[in-house]
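Right, one structure below, let's go through it.
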2 protein chains.
Amino acid sequence: MYHLVTMKTKRPTVYDVAREAGVSYQTVSRVINNKAHVSEVTRTRVLDAIKTLDFRPNRAAQLLQTERSNTIEVVLFYFGFNLFLYEMARSAQRLGYHFSISAITEQEFNRTLESARSRFVDGLIIVPMAPIAENYEELKRLTDGIPFVQVGANLGTDFPSVSYDQTHGAHLAAQHLINVGHRHIAEVSGPLQNHDAYDRHISWLDTLRDNGLRPGTSVEADFTIEGGYRAMSHLLDEDADFTAVFIGNDSMAIGAHSALRERGLRVPDDVSMVSFDDIPEAAHFVPKLTTVRQDFNLLGQMAIEYIVSMIDNPDIPVHQRILQPKLVIRESTCPPRT
Amino acid sequence: MYHLVTMKTKRPTVYDVAREAGVSYQTVSRVINNKAHVSEVTRTRVLDAIKTLDFRPNRAAQLLQTERSNTIEVVLFYFGFNLFLYEMARSAQRLGYHFSISAITEQEFNRTLESARSRFVDGLIIVPMAPIAENYEELKRLTDGIPFVQVGANLGTDFPSVSYDQTHGAHLAAQHLINVGHRHIAEVSGPLQNHDAYDRHISWLDTLRDNGLRPGTSVEADFTIEGGYRAMSHLLDEDADFTAVFIGNDSMAIGAHSALRERGLRVPDDVSMVSFDDIPEAAHFVPKLTTVRQDFNLLGQMAIEYIVSMIDNPDIPVHQRILQPKLVIRESTCPPRT
DNA sequence: TAATTATATGTGAACTCTCACAGTTATTCA
DNA sequence: TGAATAACTGTGAGAGTTCACATATAATTA
């Protein structure tokens, strides 16, 4: 009994195409790279030869020579923003880049960067959980010349980054609760090592202080539904005195709502909630969530555009691209009972 | 005024390492590939040289020679399963592969495969919306020898695939509604060109027939929240006679619930709902969703494991890996009013 | 028309690694 | 101890492309 051996048919090379078209291999190279100095006649002749031989340039050989892979790699330190992976992939492709993912822990960062370098990744999108370096120079040294863009705020540092203005967003959210009449406001924050979460937390604190209010209890959670559930349960055990909660994202709000409901508390009647993100579920939850809207697709798209512009022009001045979030008021907030 | 020119310092090669260690370049190659026939002494000597020179093998040159990129690429035809991208990325890395994404439309499929081939992608994970080929041979011809695994059912065909048994899952769901006492059951299906959605639809039909019931109105939607909302609105306009709805996934159920609520109908009191997936939100929605659970992380992991085993052993017999979903009964279903 | 320039095409070399094979030394066994 | 075998190490060649340069032809200008 035989089994099929897939005969490894040798693929045609530039030389084969050159012979077929009656030109030199260099001319073929010029054609496949859309370079100048090729007459229309020979160009079409080469193109025809490419078609008849079903020639595809060998990327490995090109890579060896050019040291450019046309690849953008996103380095994910946590399973947070995966929402925008699809959109990033599409944006990258639109701009002529391949898109690859490394989902890593902090210990793997160095190895990942080394690998990226040896594969000639052209640009990096970094989505950190916690800060990954002290300053731009240090991170630049780590990536060894590969341009990178960070997603998410990194307050006080000078990385090239795209982010939403969390301070502003959190102010909007907290001030809304206060304007509606709340005086006892608790918090379920995201992990405070994360800059976005930290900025929201600080801005919550600041907004309360500026309004002459003392902050309620704050519990730190992990951005997940379950985490939100646990944090709210904990909060209710500690201090049931609040009439509103400021929550680090919609997922945690959904979990927190479960915990409230379990104890017979209703949103917004007994407790108001504001959160962040405006995930698709937010507008259809019961109650519909009042939330600070952030468009992750847009953020992902901007990250790709920024990194591509850095690749094309290494001398582009480093800057931060910051989007302003909007507060979307829905059903999860109302004035407190009197 | 000068500006910093990043001096392209030439990276060390196997030759440099060989000189440093006092051996031949071939020995260096043996060491970096963990091959046999290298004495412990020379191995450590080479390793030391690698360390002092900070040598990293040039993947492009290796690729040119070996024609293996150690890359698995996932080809996404729609933004559905992105839930498991993170898990797939991690699984791939655990097994020593890089992970890249192509998010494409059907027209781009051929170009994507050509690109994959010229980049020496080792394996493909295909997540189709609609069927992409008639049979295994055809698809094998398209991918030109690159092994692939399809995610999702492809009933009647013989692709290597990982999927959940939708027929079984849908039977569980429909039978549950019937067992609880429903006789008028409508449907909001996923896009019927999608095999998973189609299987659920047919199984819904079959289960009703086997129970001697006539199917209610069925509306096709697109797996999104908004789509579910529109479909349910449409359904309510057409035929308000049903007491339960069979819904193609949790997202659409959440949208459908909004539409019901808008018309003053309550779930499950007025209308029962079953759906599919058990997304994290499902257990925390109001009402908690009765749903057919599918573990996408597991599915992604299995897809990676399957493709890696195909890469390692091309003669592995083609088969389908099928998981059985479970019905999770929560709050969105109850007996109909009498 | 000769000199100058622009355009088109070709040749040699290099990019860095691995494969195939050859040669050398160490080990085993009768 | 000598032959056979195993383990180790080295050399030549080539993988398929692009870069730098050289040459040939055509277009432009004085």
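Small disclaimer: the values here were computed from a predicted structure and weren't measured. Chain letters run A, B, ... following the sequence lines, proteins first, then strands; residues in each count from 1.
Contact annotation: Thr66(A) side-chain N/O to dC15(C) OP1/OP2 distance is not under 4.0 Å. For dC19(C), one of the phosphate oxygens OP1 or OP2 lies less than 4.0 angstrom from a side-chain nitrogen or oxygen of Lys35(B). At dT9(C), one or more side-chain N or O atoms of Ser39(A) fall inside 4.0 Å of OP1 or OP2 (strictly under the cut-off). Between Asn33(A) and dT18(D) there is a side-chain N or O to OP1 or OP2 distance below 4.0 Å.
Taking 4.0 Å as the cut-off between side-chain N and carboxylate O, Glu108(A) and Arg90(B) count as a salt-bridged pair. With respect to the salt-bridge test (charged N to carboxylate O, under 4.0 angstrom), the residues Arg321(A) and Glu305(A) do not qualify. Between Asp16(A) and Arg11(A) there is no salt bridge, since none of the side-chain N atoms of the basic residue sits less than 4.0 Å from a carboxylate O of the acidic one.
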Per-nucleotide protein contact string for nucleotides 23-28 of chain D (B base, S sugar-phosphate only, - none; heavy atom under 4.0 Å): ------
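Here the nucleotide nearest the side chain of Thr42(A), chosen from dT16(C), dT9(C), dG14(D), is dT9(C). Picking from dT9(C), dT18(D), dT16(C) the nucleotide with the shortest atom distance to the side chain of Thr13(B) gives dT16(C).
Counting to the nearest Å, the P atom of dC19(C) and the CD atom of Glu67(B) are 11 Å from each other. Straight-line distance from the CZ atom of Arg59(A) to the P atom of dT18(D): 9 Å, rounded to whole Å. Between the CG atom of Asn58(A) and the P atom of dG16(D) there is a distance of 7 Å, rounded to whole Å. Distance, Arg11(B) CZ to dA14(C) P: 21 Å, rounded to whole Å. In this structure, Leu64(B) places its CG atom 12 Å from P of dC19(C), rounding to the nearest Å. Rounded to whole Å, atom C1' of dT5(C) lies 12 Å from atom NE2 of His37(A). In this structure, CZ of Arg68(B) is placed 16 Å from C1' of dC17(C), rounded to the nearest angstrom. Per the geometry, CD belonging to Gln65(B) stands 10 Å off C1' belonging to dA13(D), to the nearest Å.
In this structure the side chain of Gln150(A) reaches within 4.5 angstrom of the side chain of Pro128(A), judged on heavy atoms. Looking at Met88(B) and Ile101(A), their side chains never come closer than 4.5 Å, going by heavy atoms from C-beta outward.
With rounding to the nearest 0.5 Å, the separation of CG in Leu139(B) from CD1 in Ile126(B) is 5.0 Å.
Between the side chain of Arg30(B) and the base of dG10(D), at least one donor-acceptor pair of N or O atoms lies under 3.5 Å. If you check distances only, the side chain of Gln62(A) never reaches the base of dG16(D) with a donor-acceptor pair under 3.5 Å.
Inspection of the Ser115(B) and Ser118(B) side chains reveals no N or O donor paired with an N or O acceptor under 3.5 Å.
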Trace of the salt bridge (charged side-chain N to carboxylate O under 4.0 Å, His left out) decision for Lys51(B) with Asp48(B): CA-CA 5 Å; Lys51(B) 191 157 256 172; Asp48(B) 285 352; over 6 Å; no
Donor-acceptor pairs are to be reported for all side-chain atoms of residues 33-41 of chain A against protein atoms at under 3.5 Å, with residues two or more places apart or in another chain.
residue  : atom : partner  : partner atom : Å
Asn33(A) : ND2  : Ser29(A) : O            : 2.9
Ser39(A) : OG   : Thr42(A) : N            : 3.4
Ser39(A) : OG   : Thr42(A) : OG1          : 2.8

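Near DNA chain C, defined here as any heavy-atom distance below 4.0 Å, the residues from residues 17-29 of chain B are Tyr25(B), Gln26(B), Ser29(B), listed numerically.
Across all strands shown, Ile32(B) has heavy atoms under 4.0 Å from sugar-phosphate atoms exclusively, and none from any base. At the heavy-atom level, Phe55(A) lies under 4.0 Å from the strands shown only through sugar-phosphate atoms.
Ring-centre distance between Tyr86(A) and Tyr78(B): not below the 6.0 Å cut-off.
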